[in-house]
Amino acid sequence: MAGGKKLILAVIDGLTPDVFEEAVETGSAPALAFLARNGRYRRGVSTFPSLTPVCLSSIATGGHPDIHRIPHLVWWHRGEQRLVEYGSSFAAIRAAGARRSILDAIFNMNEQHLGRDAVTLYEALEDAGLTTAAVNITCYRGRTPHVPLVPGLTRPAYGPREFFFYSLFESEVTGAPVAVFGRSTGSIDAYAAYVGRWLVTRDGFDLLVYYLPDYDYASHVLGPGGSQEALARSDAALGALIEAAGGPDEFLERYAIAVCADHGQTRVDRAVSLESSLGDVDGVLVTASNRAGMVYRLPACREDADELARRLDGSPAAEVVLYREGAEAVARRGGEELRFAPAAGGWATSGDAALLDQPDALERAWAALANPNAGELLVSPPLGVELTDLAGRSHLGGGSHGSLEAGDSEVPILTVGLDGEPRRIVDLAPVALAHFGVELPAYADAA
Ligand SMILES: [Zn+2]
């Protein structure tokens, strides 16, 4: 462990590089500005679809969806022949079955859906004898059973040794206020700050994964860049850790820290139904939410993926449509095709490579298609367009994310006291493991 320092990995959901850079420059986010003065900053790239459950799984495992197998906020479970909906909107949760959705989001995502071959930071570090802590992050799989604090619920969730999850699981009695009331005024980040202060005061971890979702929530409503007040609250949640350590100098002496976002956000001017854009076709199932969609071919479907993709030529729902054909992946955009596949030291392509000019697009598209839980077609909509969810809801007039586009995909990555140059969210887990001298999983690249 470099200099023997403990490590904090802080994730501010939906924070774009533009907003981060401006807040640091103007000093409107004092904790971030202090950390930036003492660290190294770069713009990084998320995964695809750039949606929170997918991205947080990439941050916690160092793998893209081909490894961690969480494909979207909403997807078709082929084994169980049912929809999985982690929470696109309250109405979508009701449409998918509220009880089932809550169990999927709280238990099944980690216990059953998260890939067996993926290794979480908590698993890798605790197997090496270290103590890990997680606050509110949805990818929490670890070795320690925690029983919910809700009377009558006895099913344990397996998390890190120190596990705090929206007042539902708490490995210690901290006195933190209940997390889930007063969402729009920042109750979740306030809960995280309380627990984080408690953990830092007691020196209770080697790694703390500190997830702050309230910025994304505000940005969905107000649009990207419109939520300065929410950013001030996320910043205060970081400031609480610095204060609990005894001040800025003491904090930097004790801790290395990485601060990042899971994905960006872009404005929504138009809400479109992907399902109606496909036209009248039998035997397909569409899952869509935010700015990403998937199309599953059911046994009754008589059209192949290529024919289905052509149906979306010129559709307002689709900027890029991706599918697999044999050993290759195909991207359709504006009626043109790009074929690609991994090759020694890069990619073999045929067609116009400029069709996939978004950040790390080939790598991210390939990994998303290689996820066995993904649909046969993946759809990335144009800028400004959001795909309506199961209940027809959208964030029209606000912000959203999920696509391959740069605005949804670029994230700020700040590291302080850490070796390595993480430039993708999948680089963060390898950098954290290397910090503690713990071996990386075979699928992960050193950064
Ligand atoms: Zn979001």
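Whatever order the structure lists them in is the order used to number ligands and atoms, beginning at 1.
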Main-chain N/O of Phe163 paired with Ser171 side-chain donor or acceptor, under 3.5 Å:
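Here the side-chain-to-backbone pair exists.
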Check whether any N, O or S atom of Asp216 sits under 2.8 Å from the Zn ion (ligand 1).
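So Asp216 counts as coordinating the Zn ion (ligand 1), yes.
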How about His263: does one of its N, O or S atoms come closer than 2.8 Å to the Zn ion (ligand 1)?
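Given the 2.8 Å cut-off, His263 does not count as a ligand of the Zn ion (ligand 1).
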Interatomic spacing from CG in Leu51 to OG in Ser46 - rounded to 0.5 Å
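So the gap between those two atoms works out to 8.5 Å.
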Validation row: Leu322, Phe48 side chains within 4.5 angstrom (heavy atoms):
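A side-chain contact exists here, since the closest heavy-atom pair is under 4.5 Å.
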Are Leu149 and Ser167 side-chain neighbours, meaning at least one heavy-atom pair lies under 4.5 Å?
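The answer is no; the side chains never approach within 4.5 Å.
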State, to the nearest 10 degrees, the angle whose vertex is the Zn ion (ligand 1) and whose arms point to NE2 of His220 and NE2 of His401.
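Roughly 90°, rounded to 10°.
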